[in-house]
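This report refers to the structure that appears directly beneath it.
Quick caveat, the model's predicted, so the values are computed rather than measured.
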Amino acid sequence: MVLAVIVAGACLTLFVDTPDAWLAGLAKQLSGQRVQLTHIEGGLIQGSADFYWGDDPLSTLPLGRWEWRYSPGWDGLLAVNVSALSGPATGQVVLQMSWDGVTLHKADFIIQVSSIKWRNPLWMMVQPSAELHFQAEKINIQNEVITGEASLTCMHGYSSQVRLPDLGSWQIQWKSEDTIGILKLITLKGPLHVDGDGQFGTQPLQLKISGRLWSEARYARDLEPIIKLVGPQQVDGSVPWKLRF
């Protein structure tokens, strides 16, 4: 009986105050070596850490401070409330983990583009600024198969390359029922118009999207610096573009 109490106490201690190396290793394993944790506090039941994304030291993105807390009440083996406290994104999501995989419930995040430190030459030249709003009611991930719907809305885009205070707002709509998800990019408000279609795949992990970019006629001169960065204009004034990761 005494031994059982000692073992139970030791297990509880590990859950409450899990060794940092264990948590960091678990995050890497679950993310395919893409998520790194530093300055970890707490354990599996409740804790916080600084998150980084990327498997290449030259292109690693700092994601800010995140915290997690076990929250009973959902169906499944484990449910955790995850919140982004600082950094490029703030918001929350509930992760439900069961034999059916991982399900994201009520994901709602606001991302400040200007706070994303990406060492891409074009990104650094444009110096974009906007507020991104990511929303998803339910996304299920099981054996690299993703099912669900989500949207990413880019509001009030801005670049120091142009004089206009607001380049417009756009939205990416995503829907998936297998290893391949369908993407659609639409313009909500000009003067810079962007549309496109693409795919997001998990086997292997990749993103492919292409479309057109053009400006409203009366803002053509103002938007010329941005248009030229993307590529040569066609007869109708639009510029074709492609994006792959």
4.5 Å side-chain heavy-atom contact, [X] and [Y]:
{"X": "Thr103", "Y": "His105", "result": "yes"}
{"X": "Asp108", "Y": "His133", "result": "yes"}
{"X": "Asn81", "Y": "Gln92", "result": "no"}
{"X": "Trp174", "Y": "Ile139", "result": "yes"}
{"X": "Leu104", "Y": "Ile141", "result": "yes"}
{"X": "Val93", "Y": "Val82", "result": "yes"}
{"X": "Trp214", "Y": "Asp236", "result": "no"}
{"X": "Glu224", "Y": "Gln233", "result": "no"}

same_hphob_cluster([X], [Y]) at 4.5 Å side-chain heavy-atom cutoff:
{"X": "Ile226", "Y": "Trp241", "answer": "yes"}
{"X": "Leu183", "Y": "Leu132", "answer": "yes"}
{"X": "Val230", "Y": "Leu207", "answer": "yes"}
{"X": "Met155", "Y": "Ile111", "answer": "no"}
{"X": "Ile182", "Y": "Ile172", "answer": "no"}

- prompt: Any side-chain donor paired with an acceptor under 3.5 Å for Gln173 and Ser151?
  reply: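 No.
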Looking only at non-hydrogen atoms, find the nearest pair between [X] and [Y] and report the distance.
{"X": "Ala130", "Y": "Gly157", "result": "CB-CA, 3.9 Å"}
{"X": "Ala89", "Y": "Ala84", "result": "O-CB, 3.4 Å"}
{"X": "Ser114", "Y": "Ser129", "result": "CB-OG, 4.1 Å"}
{"X": "Ala49", "Y": "Ile40", "result": "CB-CG1, 3.8 Å"}
{"X": "Pro240", "Y": "Pro232", "result": "CD-O, 4.2 Å"}
{"X": "Tyr158", "Y": "Pro165", "result": "CD1-O, 3.7 Å"}

To the nearest 0.5 Å, what is the distance between [atom1] ([X]) and [atom2] ([Y])?
{"X": "Arg65", "Y": "Thr90", "atom1": "CZ", "atom2": "OG1", "answer": "16.0 Å"}
{"X": "Thr153", "Y": "Phe134", "atom1": "OG1", "atom2": "CZ", "answer": "10.5 Å"}
{"X": "Ser210", "Y": "Asp197", "atom1": "OG", "atom2": "CG", "answer": "7.0 Å"}

task: Could you tell me which residues satisfy side chain to side chain contact (heavy atoms under 4.5 Å, CB included) with Glu67, sequence neighbours excluded, listed by chain and number?
output: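 Glu67 satisfies side chain to side chain contact (heavy atoms under 4.5 Å, CB included) with Ser48, Ser83, Leu85 only.
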query: Thr187 side chain to Val194 main-chain N or O, any donor-acceptor pair under 3.5 Å?
result: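 The answer is yes, because a donor-acceptor pair under 3.5 Å joins these two groups.
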- prompt: Is there a donor-acceptor pair closer than 3.5 Å between any side-chain N or O of Trp170 and the backbone N or O of Leu192?
  reply: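 Yes, the answer is positive, given that a donor and an acceptor are paired below the 3.5 Å cut-off.
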task: Report the C-alpha separation of His193 and Glu216 in whole Å, then their side-chain angles, then the decisive distance to 0.1 Å, and conclude whether the side-chain hydrogen bond (donor to acceptor under 3.5 Å, both in side chains) test is met.
output: CA-CA 8 Å; His193 290 250; Glu216 295 177 5; 3.0 Å; yes
message: For Lys228, I'd like to know if atom NZ has over 12 heavy atoms of other residues, nucleotides or ligands within 6.0 Å.
response: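 12 or below, so no.
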message: Could you list the cluster mates of Ile186? Members are the ILVMFWY residues connected by side-chain heavy atoms closer than 4.5 Å, either directly or through other members.
response: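 Traced through the cluster, Ile186 reaches Leu188.
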task: Name the orientation class of the two ring planes belonging to Trp68 and Phe51 (parallel below 30°, tilted from 30 to 60°, perpendicular beyond 60°).
output: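 Rings of Trp68 and Phe51: perpendicular, as their planes differ by over 60°.
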field: Verdict with reasoning, Val94 to Lys106, per side-chain contact (heavy atoms from CB on, under 4.5 Å)
entry: CA-CA 7 Å; Val94 176; Lys106 299 185 182 302; 5.8 Å; no
message: Apply side-chain contact (heavy atoms from CB on, under 4.5 Å) to residues His156 and Ser169 and explain how you reach the verdict.
response: CA-CA 5 Å; His156 310 300; Ser169 298; 4.3 Å; yes
- request: Take Val162 and Asp222, measure what side-chain contact (heavy atoms from CB on, under 4.5 Å) needs, and give me the verdict at the end.
  value: CA-CA 6 Å; Val162 299; Asp222 294 316; 5.7 Å; no
